[in-house]
Amino acid sequence: MNLDRYRDFVRETERKYINVNPIQRGGVLTPEARKALLEFGDGYSVCDFCEGLLHEIEKPPIRQFHEDLAEFLGMDLVRITAGARYAKEAVMSALCGEGDVIVADSLAHYTTFIAAEKVGAMVREVPNTGHPEYRVKVDEYARVIDEVEEERGDPPALALLTHVDSEYGNLADAERFVKICRKKGVPALLNCAYTMGRMDLSNLSPKPDFMVGSGHKGMAACAPCGVLAMRGEWEEVVLRGSSLRGDVSGREWPHKEVEMLGCTVMGAPIVTMMASFPHVVERVRRWEEEVEKTRWFVKEMERIEGVRQLGERPKRHDLVKFETPGFQEVANNHPKRGYFLYKELKKRGIIGIQPGQTETIKASVYGLTDEQVEHVVRAFHEIAEEHGLEVS
């Protein structure tokens with residue numbers, strides 16, 4: 001057994017390279033979070049003054065953070081989870097039983113389906129418009145909900161909408177979705193993994209019953225952490241305390257929340273989210289600047305022969321997917337095959353494009369300076385021209 005392999009990990013990504021990976025841009029730690037990470041990296045580091053419930057710890061100010069985060073999101077209460085997927089699973093576990101139906105959009109993250117499977121539920125999908133925009137037809141939720149009720153005699157147990165999908169970066173109409181769910185009497189869950197911490201969600205009206213987000217995707221926190229926010233009426237359902245009692249010991253844990261398995265996320269994930277929180281609150285005010293930057297990036301990328309942005313137009317989110325047939329043609333005749341683009345970009349100080357992929361690529365310039373975005377564009381243009389692709 002060679003234990004040396006575990007001792008000296010080095011990751012120079014954010015120090016040495018411009019990272020355009022969409023899954024990572026919103027999770028880059030702030031300087032304050034990096035400091036907190038060092039201070040609270042030890043296991044159970046936040047539990048020095050715990051009296052039984054992690055979310056009520058006063059020092060560090062975890063209890064106050066839960067209140068401030070709920071206010072920031074315009075919701076009644078929150079819990080920190082080990083990721084958006086666990087937040088979804090907690091809701092499904094509390095609301096759904098074996099054989100129940102969940103209605104979800106056809107661009108939903110795979111974890112929506114896995115979480116549903118875990119609780120024994122089935123998923124009925126709401127279609128999208130297909131190539132090239134792939135817009136989710138939010139009005140179709142009404143039809144699918146009605147179909148489920150006609151077939152089964154009961155409405156779906158839950159409806160879920162992915163606010164921005166992870167494939168094309170389309171921004172769905174959350175308010176229209178919630179209005180449909182209210183009218184149909186179906187609880188509404190909004191998956192904000194790619195919007196929480198980027199966009200101001202506090203003004204959504206009406207509010208969804210549940211909102212989930214990702215700390216490590218969008219709130220400048222280290223993994224694994226997510227957010228479950230909800231309206232107060234669901235507290236006793238989703239955050240119910242344990243009713244079990246030991247049959248020999250007689251012990252009981254009525255203050256421990258079942259869906260949170262007694263305690264939520266501890267240590268480095270939550271303190272990095274807390275340390276980055278002032279920065280996140282400030283940066284959502286600059287969201288329109290990020291959108292404009294993304295649209296400029298798309299315009300410049302589409303100057304390359306064959307490059308075409310997929311998803312809705314104009315862009316309303318930083319995650320962008322491109323068709324890149326020209327780069328695919330180069331890869332077909334290149335000794336490094338599909339890895340040529342990744343290697344060419346890395347030589348120019350850019351990473352984050354999936355190694356080996358050239359037929360389509362995904363990228364984000366969220367949080368980058370104008371100079372950095374210009375460098376990224378210039379690099380793509382240079383690579384294209386060096387391999388015989390025209391740049392208009």
Side-chain angles (χ1 to χ4, degrees), residues 27 29 33 36-73 75-96 111 114-115 118-119 189 192-193 196-197 210-232 234-277:
L29 297 189
L37 178 61
L38 290 174
E39 294 291 335
F40 287 89
D42 300 326
Y44 289 98
S45 58
V46 302
C47 298
D48 295 339
F49 301 99
C50 181
E51 296 182 1
L53 288 175
L54 187 142
H55 62 268
E56 292 188 354
I57 291 174
E58 301 279 0
K59 184 179 179 182
I62 295 176
R63 179 175 183 171
Q64 185 61 52
F65 175 61
H66 278 69
E67 295 176 3
D68 290 341
L69 181 56
E71 180 183 349
F72 171 65
L73 297 173
M75 301 291 278
D76 294 325
L77 64 155
V78 302
R79 290 292 183 271
I80 307 303
T81 67
R85 66 188 66 193
Y86 297 101
K88 287 185 287 186
E89 191 272 336
V91 174
M92 292 179 187
S93 177
L95 271 64
C96 306
T111 56
I114 298 296
K118 186 176 179 182
V119 302
L189 189 158
C192 303
M196 189 179 293
F210 306 98
M211 185 186 293
V212 303
S214 172
H216 47 266
K217 274 198 185 82
M219 298 196 67
C222 71
C225 60
V227 175
L228 169 58
M230 67 188 78
R231 296 169 62 202
W234 293 104
E235 181 174 7
E236 293 185 5
V237 177
V238 179
L239 301 178
R240 71 189 188 280
S242 171
S243 60
L244 194 64
R245 184 172 185 171
D247 62 344
V248 175
S249 66
R251 293 179 299 160
E252 54 187 349
W253 307 267
H255 63 298
K256 294 292 189 180
E257 296 167 350
V258 174
E259 301 301 345
M260 300 295 109
L261 291 178
C263 269
T264 50
V265 175
M266 58 202 71
I270 189 168
V271 294
T272 53
M273 191 190 297
M274 290 165 60
S276 289
F277 188 55

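The shortest heavy-atom contact between M211 and C192 is CG-SG, 3.4 Å. The minimum heavy-atom distance linking T81 with V265 is given by the pair O-CG2, 2.8 Å. For the pair V212 and A87, the tightest heavy-atom approach, listed with the atom from each and the gap, is CG1-CB, 3.5 Å. Heavy atoms only, all atoms of each residue included: G232 and L77 are closest at CA-CD2, 3.7 Å. What you find for W253 and S242 is that their closest heavy atoms are O-CB, 3.1 Å. Here the closest heavy-atom approach between residue A275 and residue A36 is recorded as CB-CB, 3.9 Å.
Atom CD1 of I62 sits about 13.0 Å away from atom NZ of K59, to the nearest 0.5 Å. Annotation: the span from C225 atom SG to H216 atom NE2 amounts to 6.5 Å, rounded to 0.5 Å. In this structure, H255 NE2 and L53 CG are separated by 5.0 Å, a value rounded to the nearest 0.5 Å. If you take CZ on R251 and CG on L244, they are separated by 10.5 Å, rounding to the nearest 0.5 Å. Atom CD1 of I270 and atom OG of S45 lie 10.0 Å apart (nearest 0.5 Å). How far SG of C222 is from CZ of F40: 12.5 Å, rounded to the nearest 0.5 Å.
Of the options L189, V91, V78, a side chain to side chain contact (heavy atoms under 4.5 Å, CB included) to L228 is made by V91 and by none of the others. A salt bridge (charged side-chain N to carboxylate O under 4.0 Å, His left out) with R240 is found for exactly one of E257, E259, E235, namely E259.
Other residues, nucleotides and ligands place more than 12 heavy atoms under 6.0 Å from the NZ atom of K256.
With hydrogens and angles ignored, the 3.5 Å screen pairs a side-chain donor or acceptor of T272 with a backbone N or O of A268.
No side-chain heavy atom of P224 sits less than 4.5 Å from a side-chain heavy atom of Y86. A 4.5 Å side-chain heavy-atom check between V227 and M273 finds at least one atom pair inside the cut-off. For the pair L95/F210, a side-chain contact is recorded, criterion being any heavy-atom separation below 4.5 Å from C-beta on. Two residues are said to be in side-chain contact when any heavy atoms from C-beta on lie closer than 4.5 Å; E56 and C50 fail this criterion. Put simply, the side chain of M274 does not reach to within 4.5 Å of the side chain of L69, judged on heavy atoms.
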- Task: May I have the step-by-step check of side chain to side chain contact (heavy atoms under 4.5 Å, CB included) for I114 and R85, ending in yes or no?
- Result: CA-CA 9 Å; I114 298 296; R85 66 188 66 193; over 6 Å; no

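For T264, the side-chain contact (heavy atoms from CB on, under 4.5 Å) test picks out L54, R79, M260, with sequence neighbours left out. Residues passing the side-chain contact (heavy atoms from CB on, under 4.5 Å) test with R63, sequence neighbours excluded: E58, E67.
In this structure, F72 and F277 have perpendicular ring planes: the angle between them is above 60°, well past the 30° mark.
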